[in-house]
Amino acid sequence: DLKASSRVTNSELFTLTYGALVTQLCKDYENDEEVNKQLDKMGYNIGVRLIEDFLAQTADVIAKVAFKMYLGITPSVTNWSPAGDEFSLMLENNPLVDFVELPDNHSTLIYSNLLCGVLRGALEMVQMAVDVRFVQDTLRGDSVTEIRMKFIKRIEENLPAGDE
Amino acid sequence: MTVHNLYIFDRNGNCLYYNEWNRKKQAGISKEEEFKLMYGMLFSIRSFVSKMSPLDMKEGFLSFQTSKYRLHYYETPSGLKFVMNTDLSVTNARDTLQHIYSNLYVEYIVKNPVCVLGHSLDSELFSSRLDAFIRALPYYSPRAA
């Protein structure tokens with residue numbers, strides 16, 4: 001039916017759209033650092049909304065379910081820190097970079113930095129403050145893509161100020 | 001059988017949405033004051049209920065009833081709170097509140113880029129769909145109230 005088919009989007013179209021977006025950002029900002037920051041910010045705004053869609057559809061929250069649901073991949077969770085507050089998500093294939101080759105003059109660009117923002121925004125909405133960053137990226141010659149996530153704290157719910 | 005009113009609060013205690021259907025008597029205070037008192041009461045009752053629980057619980061506070069009405073409460077993991085007051089004949093409105101979240105709030109507010117999250121919801125589409133949904137509920141019947 002219509003509702004089911006509208007859920008299926010051509011993944012290549014998505015990949016190309018994302019590429020066009022990053023390209024435009026590179027033109028507009030002329031500075032990789034700034035582009036990374038903008039991508040993270042956009043991702044954050046996506047994340048805070050995406051989490052609601054996710055929660056409305058599934059009861060249990062597992063990173064693997066969400067990645068499968070929205071990107072069609074299943075990253076592995078490894079490299080836990082001894083304290084158990086830090087781990088890595090290994091992406092064997094990243095659909096965002098399917099047709100991408102980084103030009104030499106963009107050596108500091110973190111092409112898929114949007115994903116970091118998405119994760120940060122979504123988790124903030126379920127009371128978890130986290131630090132998310134890329135440590136390895138196949139685009140930059142690494143053998144895998146690795147996203148490092150560090151748990152910072154649980155966000156406590158507070159009564160709004162001025163209420164006695 | 002009837003629905004009196006509905007509140008939606010965000011995680012910071014702002015009332016995002018309010019509407020009433022068969023509410024014959026008002027509280028006698030400003031709506032703003034009413035929202036604040038309602039949120040404060042929910043906040044306290046939630047923390048009290050979970051402190052007093054003899055066992056660990058996932059979802060603590062679900063509803064309470066007085067001699068005249070029942071308050072139904074549903075909270076999402078992202079901290080949105082749906083509160084609906086009905087008369088006593090409605091024993092469980094959990095599915096209803098869940099439906100409002102996943103089929104109305106997520107569809108018409110979250111997926112609408114024009115709607116700023118955390119502000120009061122002024123989407124016409126959302127309001128009319130919600131109103132239609134409430135009026136179509138099997139226990140929505142103003143005459144019997």
Side-chain angles (χ1 to χ4, degrees), chain A residues 1-9 14 17-18 21 38 41-66 69-70 114 117-130 151 153-164, chain B residues 8-16 29 32-48 50-51 58-61 74-82 94-95 97-119 121 123 126:
Chain A
D1 64 284
L2 196 71
K3 199 171 157 103
S5 66
S6 72
R7 292 203 172 280
V8 182
T9 315
F14 170 66
T17 309
Y18 184 73
L21 176 94
Q38 291 299 325
K41 205 163 116 190
M42 281 170 161
Y44 176 83
N45 289 329
I46 294 174
V48 296
R49 284 179 189 248
L50 204 60
I51 184 73
E52 302 285 3
D53 181 63
F54 180 70
L55 293 172
Q57 291 186 54
T58 29
D60 288 307
V61 182
I62 309 166
K64 290 189 176 186
V65 178
M69 205 156 118
Y70 295 115
L114 186 100
V118 173
L119 290 166
R120 190 165 57 84
L123 287 172
E124 187 183 298
M125 293 303 281
V126 288
Q127 286 78 49
M128 268 183 267
V130 290
F151 176 82
K153 61 167 184 178
R154 263 202 101 71
I155 302 165
E156 295 292 332
E157 194 179 4
N158 290 317
L159 202 56
D163 279 2
E164 287 303 312
Chain B
I8 302 176
F9 292 99
D10 75 357
R11 62 214 304 244
N12 301 317
N14 303 314
C15 188
L16 301 179
I29 48 177
E32 228 159 83
E33 188 117 352
E34 183 184 315
F35 298 155
K36 256 190 178 174
L37 286 173
M38 175 60 82
Y39 188 82
M41 186 270 293
L42 292 171
F43 188 92
S44 312
I45 208 167
R46 246 167 19 111
S47 73
F48 180 72
S50 69
K51 275 198 191 92
K58 214 169 147 203
E59 294 173 295
F61 171 55
Y74 172 65
E75 184 178 340
T76 71
S78 55
L80 275 170
K81 297 163 181 73
F82 294 81
R94 209 165 171 70
D95 293 344
L97 295 176
Q98 223 149 20
H99 181 94
I100 294 174
Y101 171 58
S102 49
N103 293 16
L104 297 170
Y105 181 83
V106 169
E107 292 301 317
Y108 297 114
I109 301 297
V110 174
K111 294 187 183 173
N112 179 353
V114 183
C115 291
V116 184
L117 301 181
H119 283 64
L121 312 176
S123 159
F126 174 74

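These figures come from a predicted structure and were not determined experimentally. Chain letters run A, B, ... following the sequence lines, proteins first, then strands; residues in each count from 1.
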Asks: Hey, could you give me the CG/CD1 distance between A/L114 and A/I46, rounded to the nearest 0.5 Å?
Replies: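 That separation rounds to 4.5 Å.
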Asks: Between the main-chain N or O of B/N12 and the side-chain N or O of B/D10, is there a donor-acceptor pair closer than 3.5 Å?
Replies: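 Yes: the side chain of B/D10 pairs with the backbone of B/N12.
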Asks: Which atoms of B/L80 come close to chain A, meaning under 4.5 Å heavy atom to heavy atom: side chain ones, backbone ones, both, or neither?
Replies: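 Looking at B/L80, just its side chain touches chain A.
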Asks: Please check if the side chain of B/Y74 supplies one atom and the backbone of B/D95 the other of a donor-acceptor pair under 3.5 Å.
Replies: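 The answer is no, because no donor-acceptor pair under 3.5 Å joins these two groups.
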Asks: Of the backbone (N, CA, C, O) and the side chain (C-beta and beyond), which part of B/N112 lies under 4.5 Å from a heavy atom of chain A, both, or neither?
Replies: backbone
Asks: Could you tell me how the ring of B/Y105 sits relative to the ring of B/F126: parallel (under 30°), tilted (30 to 60°) or perpendicular (over 60°)?
Replies: perpendicular
Asks: Highest number of heavy-atom pairs under 4.5 Å with chain A: which of B/S47, B/G79, B/P113?
Replies: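 Among the listed options, the one with the most contacts to chain A is B/P113.
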